[in-house]
There are 2 protein chains.
Amino acid sequence: MPRSVSANRQVPLHTRISEQLREQVLLGEFAPGDQLPSEHQLMELFGVSRITVRRAIANLVNQGLAETQQGKGVFVKEQRKVFYRLSNPMVFLEEDMARQGVSCGIENLVLEKMTAPSKVCQTLQLDPTTADVYFQKKLFLLDGDPVAIDITYTIAEVVPLGNELASRMTFPLLEQWGVPIERIETTLECTHADPPVADYLNIALGSPILVYRYVAYTLNNRPVVCGESLSRGDRLCYSVVLTKNHS
Amino acid sequence: MPRSVSANRQVPLHTRISEQLREQVLLGEFAPGDQLPSEHQLMELFGVSRITVRRAIANLVNQGLAETQQGKGVFVKEQRKVFYRLSNPMVFLEEDMARQGVSCGIENLVLEKMTAPSKVCQTLQLDPTTADVYFQKKLFLLDGDPVAIDITYTIAEVVPLGNELASRMTFPLLEQWGVPIERIETTLECTHADPPVADYLNIALGSPILVYRYVAYTLNNRPVVCGESLSRGDRLCYSVVLTKNHS
DNA sequence: AAGTGGTCTAGACCACTGA
DNA sequence: CAGTGGTCTAGACCACTTC
């Protein structure tokens, strides 16, 4: 017998079904990691066609509540968010993550000295003809999964040993090299995974992505590093402490 | 004749089609606001069924590149993001928005004095039996559209005139009332619109949402306000300046 | 009335998983 | 092998917009 998804004829069937499943998930009838009924079972349960069931499941996936695995089934998604603390100076990241019960790592993808692209020249206030920067692309791993891709441009002049950038975090290295970071201008926004990002982070096209952009300044308002971090919206979030700015 | 979506048999048809359309959008062949070919036209153009075309369009919508309007068509989405500057003290918001070319407003939804819910008691370090707070729910409008919903709990003790909260921004009011905000602890994360939020912000279920949570402290580390802002990921982003923390 | 997107059906075939 | 989800088809009806 079809279950009671009859109320409110104005709301589409697939929505009524996904809403009912959503309720059950939120009430704990299905725990994180649990398998939901199969498409076939849901078809019988609600007395609807497969396409409608699939649409309902798509709604849940779209709301970040479920994920599908071909050949296996649909599962309630587990919440595994970790806070990335934005501060200056940067805290020692590994410790911060360990405190949250996850291991972290960096996988270097690209590290090369190059002449700065024009956009980078602008933000770093460089002379386009002579400006060299280190360009680095790296993955940030949590418990082995890639959760963020980071792209950084560092003015070559302040980097004594380029290779060290490959294995260490950028900001602590700069401090160590006698380049104190006085100010970091940052922005945070929400976008969607495009094909390369989806590929790197091993997620579906269009998955929500948190974008963190930054320009870091040393003494005398001189910019030395800029870049951006694209992270999985379902795995990372940011925390900031705003202290009183006596101006 | 079908167009060349033949390459790479491993990639689903709907993805090849949406990727091709995506390319055209990014190359500017379709400008923001332009109407894309109708489903019927795309069916003929690519020689595929309607369901596949619809799936391709859904991919674009899911990537934030297009939006559909029933009875009208599919249109390339316009980028209309505005920065919300996080600072302490809060800058005068209207001016900040005007500088970005948008008008802003507040629509008060709920404002009432109540005993604090237990979670709020915890974050505001209140005595659960006697603690009164002002609970406020308001919409933040940009160019007339609701783009964020804000929920705030303010310790009643520091509020001389509750009604003023309805029409003014909370933080400047507190300063004016002699409650200086020394520190604000914030977090930013990405989620999806659930039914009430989707309804308030007039967006589809599951649309990306930026969540900004905060606890504000006055002198002596005493928390006085906490709350959260849920904003449309496609309309708002945040900017923060991190100054050197000499600890 | 004609054209648009939104919902829903029944049914076919494929790819992946695990016993 | 049976069961799962992934892709794709053809076709029907509806709701909304524009003329």
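Hydrogens, waters and symmetry mates play no part in the numbers below; they use all other heavy atoms, side chains included. In the text below, chain A, chain B and the rest are named by the order of the sequence lines, each starting its count at 1. Keep in mind that what you see is a predicted model, and the values were worked out from it rather than measured.
If you measure from atom CD of Glu39(A) to atom C1' of dT9(C), you get 15 Å, rounded to the nearest angstrom. Going from atom CD of Gln69(A) over to atom P of dG6(D) covers 10 Å, rounded to whole Å. Separating the CG atom of Leu36(B) from the P atom of dG3(C) is a distance of 20 Å, rounded to the nearest angstrom. For the pair Phe46(B) CZ and dT9(D) C1', the interatomic distance rounds to 18 Å; values are reported in whole Å. The distance from atom CD of Glu44(A) to atom C1' of dG3(D) is 14 Å, rounded to the nearest whole Å. Atom C1' of nucleotide dG6(D) and atom NE2 of His14(B) are separated by 8 Å, given to the nearest angstrom. Residue Gln41(B) contributes atom CD, which lies 10 Å from atom C1' of dG3(C) at whole-angstrom precision.
For Asn108(A), the CG atom counts as densely surrounded, since its 6.0 Å shell holds more than 12 non-hydrogen atoms of other residues, nucleotides or ligands.
Atom CD1 in Ile203(A) sits 12.0 Å away from atom CD in Glu67(A) (nearest 0.5 Å). Taken from CD in Gln20(A) to CG in Leu42(A), the straight-line distance is 10.0 Å, to the nearest 0.5 Å. In this structure, Tyr200(A) OH and Glu107(A) CD are separated by 9.5 Å, a value rounded to the nearest 0.5 Å.
For the segment residues 197-208 of chain B, the set of residues with a heavy atom within less than 4.0 Å of an atom of DNA chain D is empty. Taking a 4.0 Å limit (strictly below) on heavy-atom distances, residues 52-68 of chain A reaches DNA chain C at Thr52(A), Arg55(A).
Among residues at least two apart or in separate chains, there is no ring pair (Phe, Tyr, Trp, His ring centres under 6.0 Å) pair with a member in residues 11-44 of chain A.
Not a single side chain to side chain donor-acceptor pair (under 3.5 Å) links Gln70(B) to another residue, sequence neighbours left out.
Within the 4.5 Å cutoff, side-chain heavy atoms of Phe140(A) are placed close to those of Leu93(A). Taking 4.5 Å as the limit, some side-chain heavy atom of Val53(A) sits within range of a side-chain heavy atom of Val48(A).
With salt bridges taken as basic N to acidic carboxylate O contacts below 4.0 Å, none links Arg80(B) and Asp234(B).
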| When you look at Tyr212(A) and Tyr238(A), which way does the ring pair (Phe, Tyr, Trp, His ring centres under 6.0 Å) test go after all the steps? | CA-CA 9 Å; Tyr212(A) 166 57; Tyr238(A) 290 88; 5.3 Å; yes
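The nearest heavy atom of DNA chain D to Thr15(B) and to Pro37(A) marks one nucleotide each, and the one closer to the 5' end goes with Pro37(A).
Between dG3(C) and His40(B), no contact under 4.0 Å exists linking OP1 or OP2 to a side-chain N or O. Phosphate proximity of dG3(D) to Ser38(A): absent, as no side-chain N or O sits under 4.0 Å from OP1 or OP2.
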| said: Please encode protein proximity along nucleotides 10-19 of chain D as a string of B, S and -, counting only heavy-atom distances under 4.0 Å. | reply: S-B--BBSS-
Solution key, residues 143-154 of chain A side-chain donor-acceptor pairs under 3.5 Å, sequence neighbours excluded:
| from | atom 1 | to | atom 2 | distance (Å) |
| --- | --- | --- | --- | --- |
| Asp143(A) | OD1 | Ser103(A) | N | 3.0 |
| Asp143(A) | OD1 | Ser103(A) | OG | 3.4 |
| Asp145(A) | OD2 | Arg235(A) | NH1 | 3.2 |
| Asp150(A) | OD1 | Thr152(A) | OG1 | 2.7 |
| Asp150(A) | OD1 | Tyr214(A) | OH | 3.4 |
| Asp150(A) | OD2 | Ser229(A) | OG | 2.6 |
| Thr152(A) | OG1 | Tyr214(A) | OH | 3.1 |

